[in-house]
Every structure is written in structure tokens, then in C-alpha cells.
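Residue indices begin at 1 and follow the sequence shown. Counting starts at 1 for both ligands and their atoms, following the listed order. Keep in mind the model is a prediction, meaning the values are calculated, not measured.
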Amino acid sequence: MVAAVRVHKVGGPEVLTYEDVEVGAPGPGQIRIKQHACGINFIDTYFRSGLYPAPSLPFVVGNEGAGEVTAVGSGVTNVKVGERVAYVTALGSYAAERLIAADLVVKVPDSISLEQAGGMMLKGMTVQYLLNRTFKVGKGTNVLIHAAAGGIGLIAGQWANLLGANVIGTAGSPEKAELAKRNGYHHVILYRDEDFVARVKEITGGTLCDVVYDGVGKAVFPGSLDCLRRRGMFVNFGNASGPIEAFSILILSQKGSLFATRPTLVHHIATRPELDATANDLFNVVTSGKVKIPINQKYKLKDAQRAHQELEGRKTTGASVLIP
Ligand SMILES: NC(=O)c1ccc[n+]([C@@H]2O[C@H](COP(=O)([O-])OP(=O)(O)OC[C@H]3O[C@@H](n4cnc5c(N)ncnc54)[C@H](OP(=O)(O)O)[C@@H]3O)[C@@H](O)[C@H]2O)c1
């Protein structure tokens with residue numbers, strides 16, 4: 001038996017139950033991992049609350065982790081016992097040990113610690129596809145990123161800056177705004193106090209943004225659309241304040257022939273070449289020191305309830321991990 005955090009009935013943070021679970025030997029194509037760090041992501045709260053349906057109940061929470069391979073099942077050729085690996089999007093990471101399909105993991109380079117890997121794969125690979133594939137950010141691109149001091153936000157600010165963009169962010173407090181400015185943002189708007197649309201107009205001299213990256217959702221819609229130039233790209237990739245409600249597609253025409261998309265990581269790493277290319281790009285920018293991964297909160301596995309309360313209560317910055 002190993003320690004894990006399970007949900008038996010969906011709900012608030014109080015449904016996260018710290019208990020022992022059975023982890024058997026790996027079946028064909030599977031490996032067993034002793035986990036060193038389990039990433040905490042906003043998506044974990046959506047599965048916990050029932051916004052995103054889990055395949056079955058009870059389930060072990062969590063979508064990201066890193067650790068050491070302790071056993072391999074038949075037919076596994078890509079990893080060996082003792083190797084350091086990380087993975088995303090396979091529900092079941094809030095646990096001291098777990099089984100996982102071997103083809104979902106990537107090897108972690110020596111230059112990156114398992115703690116760092118456990119907290120950066122999901123957010124870092126998301127930033128990789130958002131800035132390079134959903135919209136190609138480059139020199140001089142005017143970019144607006146909501147929740148600039150969050151897990152995605154601090155990585156996205158550094159990476160967009162590296163690509164040469166003019167990086168504008170929003171943040172919930174002056175302390176968060178200062179942190180964002182130390183992580184690539186040229187301008188940070190306090191969107192709880194200021195009219196962020198008016199501030200974007202002012203900062204860009206009326207040019208507005210080429211792209212808006214929005215993981216906040218409901219609370220900043222439709223204002224986010226008013227931050228875009230003609231034919232700009234609206235990227236909603238999350239629901240930290242609740243999902244955006246249904247809207248008429250005509251609004252995209254009225255506001256300047258805008259493009260809008262709602263991407264998710266799983267569709268950008270669905271094939272092995274896509275997963276390898278995305279992970280390698282992330283490993284390269286982190287190893288070079290050009291993008292740093294701020295793991296600003298570390299919790300014991302048994303404190304998962306507090307970790308979710310703090311994430312949903314806007315009390316965290318950067319990335320968070322559970323240490324089994
Ligand atoms: N589609 C994808 O592929 C993908 C992948 C990973 C993550 N995501 C999404 O990206 C977003 C960020 O994820 P994360 O894990 O890095 O979280 P996070 O940004 O560290 O935390 C969410 C932040 O959103 C802001 N926020 C604004 N209104 C909020 C509200 N009503 N309640 C709670 N927070 C609020 C808060 O920052 P302020 O206090 O500064 O406002 C908070 O710190 C989430 O929406 C997540 O679902 C999407």
C-alpha cells in the first residue's frame with residue numbers, strides 16, 4: 001500500500017482524501033514510478049469539483065509528476081529501472097507511487113531536478129504550444145497574458161519575452177505585479193482595481209494586442225476581446241474564475257474579424273513525436289537558464305486540501321508541487 005490523495009465524491013477541497021491505495025506490478029506496456037514530486041495544476045480542481053468529469057470514482061487526483069522507474073512491464077523498451085522520468089495528463093499523480101503507460105513518459109535530463117520536472121511539465125509544455133503553435137509570438141508581438149504571476153503566467157512571461165514580444169500581463173495584487181515584472185513582463189495591470197481594457201489601449205498607444213492568452217475566463221470576458229487589434233487572436237485556455245458562457249459568434253465580427261480558439265495540451269502532445277518535440281523545447285529553454293521555473297509552494301502530500309484552497313484562493317504564485 002502507498003499514500004495517495006483520492007476523491008470519492010466530487011466537491012470542494014474537503015473531498016481530497018489522504019489514504020493508502022494498492023499499487024500492483026506493472027502490466028504489459030506499463031511502468032511503476034516512485035514519485036519525487038507531483039505537480040499541482042488548476043485542472044486538478046476541475047476534476048475534483050466535477051467541472052471536468054473523471055472516468056470513474058474514486059480516482060487518484062493529479063495530472064503531472066516526476067520520479068524514478070522502479071519496475072517495468074513486458075514489452076517496455078523506452079525506459080529502464082532506475083531512470084528519471086516525468087509525465088503529464090495521466091490522471092492519478094497525487095501518490096507516492098503509481099503505474100503509468102510507458103509511452104506517456106519522457107526521460108528527464110540530468111540538468112533538471114525531479115522536483116523541478118514534477119512542477120513544470122504541464123505548465124511549461126502548455127506555454128510551449130500556446131506561444132509557438134496556437135499563435136506564433138515573435139519580435140514585437142503585442143501579447144496580453146492574464147494571471148501573469150500564476151503558474152502558467154510566470155513561465156509565459158519569460159518565454160514571450162525571450163521570443164521578443166512586448167509582454168503585458170494582468171495580476172491580482174501589487175506584490176504579484178512586481179513578481180511578474182521580474183519574470184519577463186514589460187507592463188503589468190492590476191485588473192482588480194484598474195480597467196484593463198483602457199490600460200491596454202494606453203500601453204499600446206491604441207495599437208492593441210495581436211494575441212490575448214486567457215486562463216481566467218468568465219471574469220475577464222468579453223473585455224479580453226476589446227484588447228485585440230483587427231483580426232487578432234483570442235486564446236482562452238482555462239477557467240480559473242469559471243468558464244466563459246455561450247456567446248454569439250457574431251461578436252467576433254463586430255469586434256474586428258477576430259479569431260478565437262479554446263486549445264488544450266492533450267491535443268498538442270497526442271503523438272510521440274509531438275510529445276518529444278514539445279518536452280525537448282521546454283527542457284532546452286530551462287537548461288539554458290533563459291526560462292526559470294519558480295516552484296514557489298511545496299506541500300506534503302497529506303496537505304493537498306490546503307494546496308487546493310490556496311490555489312483557488314489566489315494565494316499562490318508560480319508553480320506548486322506536492323512532495324510524497
Ligand atoms: N488548456 C490548457 O492546455 C491548459 C494547460 C494548463 C493550464 N491551463 C489553465 O491555465 C490557467 C492557469 O493554470 P495554473 O495551474 O497556472 O494556475 P494559476 O495561474 O497559478 O492560478 C490561477 C490564477 O488565476 C487568477 N484568478 C483570476 N480570477 C480567479 C478566481 N476567481 N479564482 C481563482 N483564481 C483566479 C489568480 O491570479 P490573480 O490573483 O493574479 O488574478 C490565480 O492565481 C488555468 O485556467 C488552467 O486551467 C490550461
Side-chain angles (χ1 to χ4, degrees), residues 12-13 38-49 51-52 61-64 88-89 93 118-135 144-159 168-181 183 185 188-194 196 212-221 223-224 234-244 260-270 274-275 278 282 293-297 307-322:
C38 322
I40 301 173
N41 292 283
F42 224 92
I43 192 173
D44 306 341
T45 71
Y46 306 148
F47 280 107
R48 189 211 68 219
S49 71
L51 178 67
Y52 291 1
V61 190
N63 294 272
E64 175 182 37
V88 296
T89 70
S93 72
M120 79 178 203
M121 299 304 295
L122 199 148
K123 297 182 231 306
M125 292 203 292
T126 298
V127 171
Q128 196 283 344
Y129 85 73
L130 288 174
L131 301 186
N132 295 290
R133 288 185 273 163
T134 304
F135 185 93
L144 175 66
I145 303 169
H146 285 304
I152 291 272
L154 289 187
I155 299 173
Q158 296 175 75
W159 206 327
I168 307 168
T170 57
S173 72
E175 295 74 25
K176 288 184 177 186
E178 281 312 309
L179 179 64
K181 281 188 188 156
N183 284 271
Y185 289 84
V188 183
I189 302 165
L190 294 172
Y191 61 172
R192 295 176 90 165
D193 308 321
E194 300 177 292
F196 70 88
V212 172
Y213 291 110
D214 168 32
V216 170
K218 193 172 184 176
V220 289
F221 190 84
S224 297
F234 174 58
V235 185
N236 171 253
F237 63 96
N239 332 294
S241 69
I244 294 172
T261 184
R262 203 324 182 168
T264 190
L265 175 61
V266 71
H267 300 134
H268 291 80
I269 54 169
E274 285 172 342
L275 172 61
T278 311
L282 173 64
I293 306 295
I295 306 227
N296 292 349
Q297 295 75 216
H308 275 216
Q309 280 158 356
E310 292 184 2
L311 181 62
E312 293 177 287
R314 307 171 83 160
K315 295 196 167 58
T316 63
T317 60
S320 307
V321 292
L322 293 167

- Side chains of T278 and H268: is there a donor and an acceptor less than 3.5 Å apart?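 Their side chains do not contain a donor-acceptor pair, so the 3.5 Å distance test is not met.
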- Just by distance, with hydrogens left out, do H308 and T45 show a side-chain donor and acceptor under 3.5 Å apart?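 Their side chains do not contain a donor-acceptor pair, so the 3.5 Å distance test is not met.
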Could you pull out every N or O of ligand 1 that sits under 3.5 Å from a protein N or O, with the distance for each pair?
residue, atom, partner, partner atom, Å
ligand 1, 1 (N), F237, O, 3.0
ligand 1, 1 (N), P263, O, 3.0
ligand 1, 3 (O), Y129, OH, 2.7
ligand 1, 3 (O), L265, N, 2.8
ligand 1, 15 (O), F42, N, 3.0
ligand 1, 16 (O), G151, N, 3.4
ligand 1, 16 (O), I152, N, 2.8
ligand 1, 20 (O), G151, N, 2.8
ligand 1, 32 (N), A240, O, 3.2
ligand 1, 39 (O), K176, NZ, 2.6
ligand 1, 39 (O), R314, NE, 3.2
ligand 1, 40 (O), G172, N, 2.8
ligand 1, 41 (O), Y191, OH, 2.4
ligand 1, 41 (O), R314, NH2, 2.7
ligand 1, 45 (O), Y46, OH, 3.0
ligand 1, 45 (O), G215, O, 2.6
ligand 1, 45 (O), N239, N, 3.2
ligand 1, 47 (O), Y46, OH, 2.8

- Taking only Lys NZ, Arg NE, NH1 and NH2, and the carboxylate oxygens of Asp or Glu, determine whether R133 and E274 approach each other closer than 4.0 Å.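 E274 and R133: not salt-bridged.
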- Item | Approximate separation, where rounding is to 0.5 Å, of M121 CE and T126 OG1 |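 So the gap between those two atoms works out to 10.5 Å.
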- Check the angle between the aromatic planes of Y213 and F237 and answer parallel, tilted or perpendicular using the 30° and 60° thresholds.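 Judged by the thresholds at 30° and 60°, the geometry between Y213 and F237 is perpendicular.
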- Qualifying residues under ring pair (Phe, Tyr, Trp, His ring centres under 6.0 Å), relative to F221, sequence neighbours excluded: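 F221 satisfies ring pair (Phe, Tyr, Trp, His ring centres under 6.0 Å) with F234, F247 once adjacent residues are dropped.
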